[in-house]
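Accompanying notes for the structure given below.
In what follows, chains carry the letters A, B, and so on, assigned in the order in which the sequence lines appear, proteins first and then strands, with residues in each chain numbered from 1.
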There are 2 protein chains.
Amino acid sequence: MKKFGSLADFILEGNKHFLPALSIDNVVFGFHDNQLKVLLLKLKTINKWILPGGFIFKTEEIEDAALRILQERTGLKEIYLQQFHVFGSRKRNKQKFFKDLYKEMGIDLPDDSWILQRFLTLGFYALVEFEKVRPLADDLSAQISWWDVDKLPDLMFDHKEIIETALKDMRLKINHQPIGFNLLPREFTLKNLQSIYETILDRKLDRANFNRKILSYGILDKKEKQYTGGAHKAPYLYAFNKQAYFKALQEGLEKNF
Amino acid sequence: MKKFGSLADFILEGNKHFLPALSIDNVVFGFHDNQLKVLLLKLKTINKWILPGGFIFKTEEIEDAALRILQERTGLKEIYLQQFHVFGSRKRNKQKFFKDLYKEMGIDLPDDSWILQRFLTLGFYALVEFEKVRPLADDLSAQISWWDVDKLPDLMFDHKEIIETALKDMRLKINHQPIGFNLLPREFTLKNLQSIYETILDRKLDRANFNRKILSYGILDKKEKQYTGGAHKAPYLYAFNKQAYFKALQEGLEKNF
DNA sequence: ACAAAAGTGTTCTCGCTACACCCATGT
DNA sequence: ACATGGGTGTAGCGAGAACACTTTTGT
């Protein structure tokens, strides 16, 4: 929110620059220690966590807004993004929350503030390379960190539902999206990739069958270099063959997991 | 938009009652003559067609808004609805269009009218039983009618893209949604059902294999009664077995077309 | 030597495909 | 009778599941 010099400015002037009644919430997925993780912010005043979110400038494309917000929290420029759902229950009442929140920060919100009206939020999810992310908290947050998707902390509003819906959506599109490609570093083991699929699909896969199937797509290049540091036999490293991968995705990776 | 006595009222007062900058557009799918159809409105003043759409009351759930709009155009109360995408390009500029449109109807829109600002639109699609629909045009439209999805007329704004995106989304979810159930009358032939799948998937299916597979789900009851009027051999009629169908859907109709 | 994880092989089953054949009915 | 479309049978293939066996490496 570069346009605003201070938080107070943002509160007073925001309605002039943003689309009204609309926010964006990003579910940022990363992958580390063979675990799928989500990036969350901890509020300064309340012991709850929220998704990195923000608003859309009146002159801005909505995807660009989501990217801008993500860039501010992760430092990344190129991010794979996917719009997946609009959350709009009028029960997601943030009024009291925002009044208290800003009060504690020394700002007295007028009752007719644009920020107190009913908001719909557009849910996006992003797939990012864990190691490249430089998490940075925002003005309202004391902390930003990664959480295992299956061990989430206490979340504000409907943000837990948003994460779960994002996961469901990914499950549906797993054979049509470059999921591993965006979550993994350039070189990785088949075990890494298998863990991602297992998390998203929420079931165990047979190692032998997984390897055969994923290799049969012809989208991975085997590197002779080997990963060291593992306690036992060193696995081969693989890298996505970009060309073959995107070609295959267009046709849909028809075989299903 | 019952709350408004006249179109002028709606223009002047709408911003007090509706969520700002947001509209809803519905892609209503029906099935007739073994063809998938979409319900479209023809504008009074321009020779183009649009999707039935509307706005969301500030106190209304967004799904309820979509249902209300649909009810007004189709007369149906129970409708299967699915939110599928938000369309928000700032290029979808309706300013000139609306000014001209309302001018021709004798209303002079002020430049700062709420209806001239940038709108995002929430795309929903609905699956309805063709025969039960009683299409009813709205104040801005001269005509409402069904169009084959593969022979669409000239559409306003990005409405063609919206329809195509809806179809793609249905294709993705075809094995997880009660598609046939909502589009077909209580009793129908396997050929009818096959036509729906062929349209959505955009490819021909083998009759024998389709029949076997769809029957293997155990979600159809065979009726001994037979359809007459066909030129040749009379096919059996089938009906969905509600219980079995919804149970199977929850588990995902795992086998894929 | 042993444990643990990686890599590979094998067998069985089941579903999909393609196509063939028979059945029913209106002209 | 024949054309047309509906219903059903079948052979072959390929993919997936389950599980066994071998290989590598650190302790």
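Distance, A/N192 CG to C/dA5 P: 14 Å, rounded to whole Å. In this structure, B/L220 atom CG and D/dG7 atom C1' are separated by 15 Å, rounded to whole Å. Rounded to an integer number of Å, the gap from B/Y197 OH to C/dC16 P is 13 Å. Remark: C1' of D/dT8 and CD1 of B/I214 are 17 Å apart, rounded to the nearest angstrom. Atom OH of B/Y236 and atom P of C/dC23 are 13 Å apart (whole Å). Straight-line distance from the CG atom of B/N211 to the P atom of D/dG6: 9 Å, rounded to whole Å. One can place NZ of A/K191 at 12 Å from C1' of C/dA4, the figure rounded to the nearest angstrom. Taking atom CZ of A/R207 as the reference point, atom C1' of D/dA20 lies 11 Å away to the nearest angstrom.
Side-chain contact check for B/T189 and B/N192: at least one donor-acceptor pair (N or O, by modelled atom type) lies under 3.5 Å.
Between D/dA18, D/dG6, C/dA6, one nucleotide has an atom nearer to the side chain of A/K233 than all others, and that is C/dA6. When each of C/dT8, D/dG6, D/dC19 is scored by its nearest atom to the side-chain atoms of A/D206, the top-ranked nucleotide is D/dC19. Residue A/N209 has its side chain nearest to D/dA18 when only C/dA6, D/dA18, D/dC19 are considered. Out of D/dT8, D/dG6, C/dA6, the shortest distance to the side chain of B/K222 is found at D/dT8.
For B/K213 and C/dC16, the shortest distance from a side-chain N or O to OP1 or OP2 is below 4.0 Å.
To the nearest 0.5 angstrom, A/W147 atom CH2 is 10.0 Å from A/K37 atom NZ. A distance of 8.5 Å separates CG of A/L215 from CZ of A/F210, quoted to the nearest 0.5 Å. Between the CG atom of A/N26 and the CD1 atom of A/I69 there is a distance of 5.5 Å, given to the nearest 0.5 Å.
Ranked by how close their nearest DNA chain D nucleotide is to the 5' end, A/R212 and B/L215 are led by B/L215.
Ring centers of B/Y217 and B/Y245: at least 6.0 Å apart, outside the cut-off.
One end of the helix from C/dA1-D/dT27 to C/dT27-D/dA1 points its axis 10° away from the other end's axis, with each axis taken from 5 pairs and the angle rounded to 10°.
The side-chain hydrogen bond (donor to acceptor under 3.5 Å, both in side chains) contacts involving residues 127-136 of chain A comprise nothing, where partners must be two or more places apart or lie in separate chains.
The number of heavy atoms from other shown groups lying within 6.0 Å of NZ (A/K242) does not exceed 12.
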